[in-house]
Amino acid sequence: MQYDVAAIIQGYAQGYFLMADEDDQNLGWYTSRQRALIPLDERFRYPRSLQRVINQNRFSVAVNRDFNAVVEGCANRETTWISSELKSIYYALYRAGYAYSFETWQGDQLAGGILGLVIGGAFIGESMFYRIPEGSKVAMVKLVERLRERNFVLFDAQMNNPHLDRFGAYIISHREYKNLLNKAWVRNCSLKEFTK
């Protein structure tokens, strides 16, 4: 199936995001009066126990080493908003250079990952998952480091939850979010060519 990638990216650039209902039937555009962001400044934080894990170098990180596996990992839960159609859209966006998987690996085993879209200087986080404990948390810390290095404007987490609270996630209004998106839109940032 062919998708209008430009129209989809325009939707995200206007502050909308795609979600399917729990029955995997209807895919629609949604927005929210408030948005959760992961800070890219000194407000970003994480537990000391996670710093110990990072210091042990248990995980390596990569971008798009196994995009499909990250999409499947994110969708593989009891209730998911990542429908089969949305998976196809992510693959189309990946082929067009907009969708990314930021991954942690333990040897040849995928430990966890974060699925997101890069539009200018915005990283729009769609979902995350782990197969090995701490895999997605280490991915979060390393992704924030990468976004800072590459001068990204924002890391959009869409909706807050207790897990994201531990990283300093904060809420902004839809108007503030649109202003940040407008600043991000004109930047040319990339996650590519990153392995560590």
Side-chain angles (χ1 to χ4, degrees), residues 9-17 30-64 70 74 93 97-105 111-130 133-196:
I9 292 303
Q10 194 60 40
Y12 276 93
Q14 294 298 316
Y16 295 91
F17 53 91
Y30 295 85
T31 191
S32 172
R33 281 188 221 142
Q34 297 183 318
R35 246 358 210 263
L37 299 187
I38 302 294
L40 298 179
D41 56 20
E42 70 284 345
R43 291 172 291 178
F44 181 71
R45 63 176 189 267
Y46 51 91
R48 282 185 189 165
S49 57
L50 183 56
Q51 184 61 59
R52 286 194 291 275
V53 171
I54 292 167
N55 292 343
Q56 290 164 359
N57 291 318
R58 283 193 233 163
F59 301 101
S60 61
V61 296
V63 174
N64 291 347
V70 171
C74 289
L93 294 175
Y98 290 105
Y100 288 84
S101 59
F102 193 89
E103 309 151 3
T104 47
W105 290 79
I114 299 170
L115 171 67
L117 307 181
V118 171
I119 302 173
F123 182 87
I124 300 169
E126 292 285 281
S127 188
M128 61 195 296
F129 86 107
Y130 71 91
E134 313 297 351
S136 62
K137 293 177 190 170
V138 172
M140 175 73 83
V141 174
K142 293 296 184 180
L143 175 56
V144 166
E145 287 176 7
R146 167 63 22 166
L147 297 178
R148 286 170 169 167
E149 285 170 16
R150 296 291 180 94
N151 295 313
F152 275 75
V153 174
L154 67 99
F155 181 166
D156 177 11
Q158 295 179 353
M159 291 176 255
N160 205 4
N161 60 45
H163 174 67
L164 296 178
D165 273 338
R166 285 180 285 182
F167 293 97
Y170 63 101
I171 300 294
I172 62 172
S173 70
H174 185 69
R175 180 180 289 180
E176 290 172 292
Y177 178 70
K178 285 293 293 288
N179 287 340
L180 281 174
L181 265 187
N182 289 337
K183 286 180 191 168
W185 182 249
V186 296
R187 292 218 183 160
N188 185 21
C189 300
S190 175
L191 288 180
K192 287 179 187 170
E193 298 165 13
F194 175 50
T195 52
K196 210 176 204 176

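The structure displayed is predicted, hence computed values, not measured ones.
- Surrounding CG of N188 are at most 12 heavy atoms belonging to other residues, nucleotides or ligands under 6.0 Å away.
- In this view, F167 and F44, H163 satisfy the ring pair (Phe, Tyr, Trp, His ring centres under 6.0 Å) rule, not counting sequence neighbours.
- The salt bridge (Lys or Arg N to Asp or Glu O under 4.0 Å) analysis of residues 155-174, with sequence neighbours excluded, yields the pairs R35-D156.
- Taking CZ of F17 as the reference point, atom CG of L117 lies at 12.0 Å (rounded to 0.5 Å).
- Proximity of a side-chain donor or acceptor of T104 to a complementary backbone N or O of G112 within less than 3.5 Å is detected.
- Heavy atoms only, all atoms of each residue included: E103 and V63 are closest at OE2-C, 4.4 Å.
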Give the C-alpha distance, both sets of side-chain angles, the deciding distance and a yes or no for side-chain contact (heavy atoms from CB on, under 4.5 Å) between I9 and L93. CA-CA 9 Å; I9 292 303; L93 294 175; 3.9 Å; yes
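- When atom types are taken as modelled, the side chain of R148 and the backbone of D41 share a donor-acceptor pair closer than 3.5 angstrom.
- Here the CD-NZ distance, from Q14 to K178, works out to 5.0 Å after rounding to the nearest 0.5 Å.
- Between Y46 and K137 there is no side-chain heavy-atom pair separated by less than 4.5 Å.
- Of the inter-residue distances, the one linking S32 atom OG with Y16 atom OH reads 12.0 Å to the nearest 0.5 angstrom.
- Note that CG of L180 and CG of L37 are 6.5 Å apart. Values are rounded to the nearest 0.5 Å.
- Closest approach of G15 to Y177, counting heavy atoms only: CA-CE2, 3.8 Å.
- Between V118 and C189, the shortest heavy-atom distance links the atoms CG1-O, 3.8 Å.
- The heavy-atom pair separating V141 from L50 by the smallest distance is CG2-CD2, 3.8 Å.
- For Y98, the OH atom is loosely surrounded, since the number of other residues' heavy atoms within 6.0 Å does not exceed 12.
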Run the numbers on L154 and L147 for side-chain contact (heavy atoms from CB on, under 4.5 Å), then give the verdict. CA-CA 8 Å; L154 67 99; L147 297 178; over 6 Å; no
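- What you find for G121 and R187 is that their closest heavy atoms are N-CB, 3.8 Å.
- For the pair N64/L191, no side-chain contact is recorded, criterion being any heavy-atom separation below 4.5 Å from C-beta on.
- In this view, R52 and R48, S49 satisfy the side chain to side chain contact (heavy atoms under 4.5 Å, CB included) rule, not counting sequence neighbours.
- For the residue pair Y12/E126, the side-chain donor-acceptor check at 3.5 Å is satisfied.
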Full working for side-chain contact (heavy atoms from CB on, under 4.5 Å) between F123 and R146: CA-CA 11 Å; F123 182 87; R146 167 63 22 166; over 6 Å; no
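- The NZ atom of K142 sits 6.0 Å away from atom CD1 of I54, with the distance rounded to the nearest 0.5 Å.
- Closest of all the heavy-atom pairs between N160 and L164 is OD1-CB, 3.4 Å.
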Run E134 and F59 through side-chain contact (heavy atoms from CB on, under 4.5 Å) and show every step you take. CA-CA 9 Å; E134 313 297 351; F59 301 101; 4.3 Å; yes
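- Note: T31 OG1 to Q158 CD = 9.5 Å, rounded to the nearest 0.5 Å.
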